[in-house]
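Structure, as structure tokens:
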Amino acid sequence: ELKVEQNPLFLSMQEGKNYTIYCNYSTTSDRLYWYRQDPGKSLESLFVLLSNGAVKQEGRLMASLDTKARLSTLHITAAVHDLSATYFCAVAPYGGATNKLIFGTGTLLAVQP
Amino acid sequence: ETGVTQSPTHLIKTRGQQVTLRCSSQSGHNTVSWYQQALGQGPQFIFQYYREEENGRGNFPPRFSGLQFPNYSSELNVNALELDDSALYLCASSLGGAGEAFFGQGTRLTVV
């Protein structure tokens with residue numbers, strides 16, 4: 001059974017600092033997603049990673065995927081308060097024909113001024 | 001292009017009652033997936049509908065059921081509500097079963 005773990009669960013950062021969120025998954029997958037969720041809101045798609053070594057960047061966020069290590073990272077550069085939210089990674093089982101995404105527990109990011 | 005819309009946004013029901021939640025998929029999408037997100041947790045897959053047929057189901061009891069209509073909109077029905085069914089219910093649409101999922105704003109269900 002596919003399991004997804006994220007760490008840390010909670011991250012308090014100062015503005016301007018860098019940090020990385022880690023997402024480990026237990027079995028082979030061919031699709032990994034990163035989402036952002038603001039309190040009481042829905043999920044906003046950030047990145048879709050489809051192949052080993054994939055790296056995508058948007059603003060202060062950069063995501064990468066290592067399928068051999070079954071690890072994805074979300075790197076935050078020079079954090080700003082607007083990045084405060086909960087971040088989820090989600091993994092689709094390899095070869096699956098559905099969007100039965102398995103989500104991690106989420107990382108609550110709080111950026112302090 | 002319209003996004004994924006869900007209704008209602010909030011709902012309060014009594015234990016034992018039945019509830020129907022609705023989802024309109026994004027224009028051009030033919031697949032709808034439903035997720036349950038309890039407070040402080042990640043979303044959990046309930047089931048997916050593709051071309052009006054159930055196409056995959058998570059670990060949810062049969063009292064969770066669904067429908068998809070010819071216009072690809074969908075309903076989630078929950079019978080015999082329990083307190084633990086209180087959660088944010090998210091609908092996601094995609095083009096094909098494995099296409100990228102785009103989520104609606106969710107329905108917050110509270111069971112008292």
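Throughout, a chain's letter reflects where its sequence line sits, starting with A, and its residues are numbered from 1.
Inspection of non-hydrogen atoms places no residue of residues 9-21 of chain A under 4.5 Å from chain B. Using a 4.5 Å cut-off between non-hydrogen atoms, the part of residues 76-90 of chain B that approaches chain A consists of B:Leu88, B:Leu90.
Between the side chains of A:Ser45 and B:Glu100, a donor-acceptor pair is found at a separation under 3.5 Å.
Annotation: A:Phe103 is in aromatic contact with B:Tyr35 [ring centroid separation under 6.0 Å].
Heavy atoms of A:Glu44 lying under 4.5 Å from chain B are absent altogether. Only the side chain of B:Gln37 comes within contact range of chain A, with at least one heavy atom under 4.5 Å from a heavy atom of that chain.
Side-chain atoms of A:Tyr33 never come within 3.5 Å of backbone atoms of B:Ala101 as a donor-acceptor pair (strictly under, hydrogens ignored).
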Under 3.5 Å, which donor-acceptor pairs do the side chains of residues 81-92 of chain A form with other protein atoms, sequence neighbours left out?
from: A:His81; atom 1: ND1; to: A:Val111; atom 2: O; distance (Å): 3.0
from: A:Ser84; atom 1: OG; to: A:His81; atom 2: O; distance (Å): 3.0
from: A:Ser84; atom 1: OG; to: A:Val111; atom 2: N; distance (Å): 3.0
from: A:Tyr87; atom 1: OH; to: A:Leu83; atom 2: O; distance (Å): 2.6

Determine all donor-acceptor pairs shorter than 3.5 Å in which one atom belongs to a side chain in residues 65-73 of chain B; sequence neighbours excluded.
from: B:Gln68; atom 1: OE1; to: B:Arg51; atom 2: N; distance (Å): 3.2
from: B:Gln68; atom 1: OE1; to: B:Glu52; atom 2: N; distance (Å): 2.8
from: B:Gln68; atom 1: NE2; to: B:Asn30; atom 2: O; distance (Å): 3.2
from: B:Gln68; atom 1: NE2; to: B:Tyr72; atom 2: O; distance (Å): 3.2
from: B:Asn71; atom 1: OD1; to: B:Ser73; atom 2: N; distance (Å): 3.0
from: B:Asn71; atom 1: OD1; to: B:Ser73; atom 2: OG; distance (Å): 2.7

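More than 12 heavy atoms of other shown residues, nucleotides or ligands fall within 6.0 angstrom of atom CZ in B:Arg63. For B:Ile12, the CD1 atom is loosely surrounded, since the number of other residues' heavy atoms within 6.0 Å does not exceed 12. The environment of CD in A:Glu5 is sparse: at most 12 heavy-atom neighbours from other residues, nucleotides or ligands sit within 6.0 Å. No more than 12 heavy atoms of other residues, nucleotides or ligands shown are found within 6.0 angstrom of OH on A:Tyr22.
Taking NZ of A:Lys100 as the reference point, atom CD of B:Gln48 lies at 11.0 Å (rounded to 0.5 Å). With rounding to the nearest 0.5 Å, the separation of CD in A:Glu1 from CG in B:Asn59 is 6.5 Å.
Cluster membership check: B:Val19 shares its hydrophobic cluster with B:Phe47, using side-chain heavy-atom separations under 4.5 Å among Ile, Leu, Val, Met, Phe, Trp and Tyr. Hydrophobic clustering keeps A:Leu74 apart from A:Leu108 (ILVMFWY residues linked when any side-chain heavy atoms are closer than 4.5 Å, directly or through intermediates). One hydrophobic cluster, built from ILVMFWY side chains closer than 4.5 Å, cannot hold both A:Leu61 and A:Leu43; they sit in different ones. Placement of B:Tyr50 and B:Ile46 in two distinct hydrophobic clusters is found when ILVMFWY residues are connected by side-chain heavy-atom separations under 4.5 Å, directly or transitively. Hydrophobic clustering of Ile, Leu, Val, Met, Phe, Trp and Tyr side chains at less than 4.5 Å, counting indirect connections, unites A:Val4 with A:Leu65.
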